[in-house]
Amino acid sequence: MYCPRCGSQNAAGNLRCWSCGFELQSPTAAAPPATSAPGSGIEVLIPYKNTMALTAYYLGIFSIVCGLVLGLPALVLGILGLKHAGQHPEARGKVHAWIGIILGSFTTLVSLAVIVFIALAATQH
């Protein structure tokens with residue numbers, strides 16, 4: 001069973017999440033209340049249960065300015081976040097992971113091309 005608040009895996013009989021303390025099941029009722037609709041609210045926009053995808057997204061955005069320094073980690077975390085989203089659909093974050101992968105790949109390739117160009121220009125003199 002995965003915690004609906006933080007996404008940590010818990011044993012089936014746990015009443016509270018081992019990570020964040022969220023009440024997983026009430027001692028009197030095993031089913032969650034009908035008013036708690038999964039996938040509603042802000043968690044649809046921000047995949048806080050998939051920190052790798054979310055981090056890849058922000059690193060990808062900032063890699064536009066910083067290039068290789070943030071582009072490569074955005075690429076790696078994007079791939080890991082995409083894998084996590086595939087294994088745990090409740091974690092969400094596929095779009096954020098793809099943005100991290102695309103921007104990270106682009107800025108990494110551009111940064112490497114600039115480094116090669118500078119190295120070739122330096123050897124020509």
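Predicted model only: the values in this text are computed from it and were never measured.
- Taken to the nearest 0.5 Å, the SG atom of C17 stands 12.0 Å off from the CD atom of E23.
- When side chains are defined from C-beta on, I61 counts as touching L103, because their heavy atoms get closer than 4.5 Å.
- The closest donor-acceptor contact from the side chain of W18 to the backbone of Q9 lies under 3.5 Å.
- Considering only heavy atoms from C-beta on, C20 stays 4.5 Å or farther from S8 through its side chain.
- Listed for the T123 side chain is a donor-acceptor partner under 3.5 Å among the backbone atoms of L120.
- Using a 4.5 Å heavy-atom cutoff, the side chains of T107 and C66 are not in contact.
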Please report, to 0.1 Å, the donor-acceptor pairs under 3.5 Å made by any side chain of residues 74-88, with sequence neighbours excluded.
residue, atom, partner, partner atom, Å
H88, ND1, Y2, OH, 3.0

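- A chain of hydrophobic side-chain contacts below 4.5 Å, direct or via other Ile, Leu, Val, Met, Phe, Trp or Tyr residues, connects V95 to Y58.
- Between F22 and R5 the shortest heavy-atom distance is CD1-NH2, 3.2 Å.
- Expressed to the nearest 0.5 Å, how far CG of L68 lies from CG of L109 amounts to 10.0 Å.
- One N or O on the side chain of S63 and one on the backbone of G60 form a donor-acceptor pair closer than 3.5 Å.
- Note: F106 CZ to S111 OG = 9.5 Å, rounded to the nearest 0.5 Å.
- Checking side-chain atoms of N14 against main-chain N and O of L24 turns up no donor-acceptor pair under 3.5 Å.
- In this structure, N50 contributes its side chain and R92 its backbone to a donor-acceptor pair below 3.5 Å.
- Heavy-atom minimum distance, N10 versus R16: OD1-O, 4.0 Å.
- One distance of note links CD1 of I99 with OH of Y57; it measures 5.5 Å at 0.5 Å rounding.
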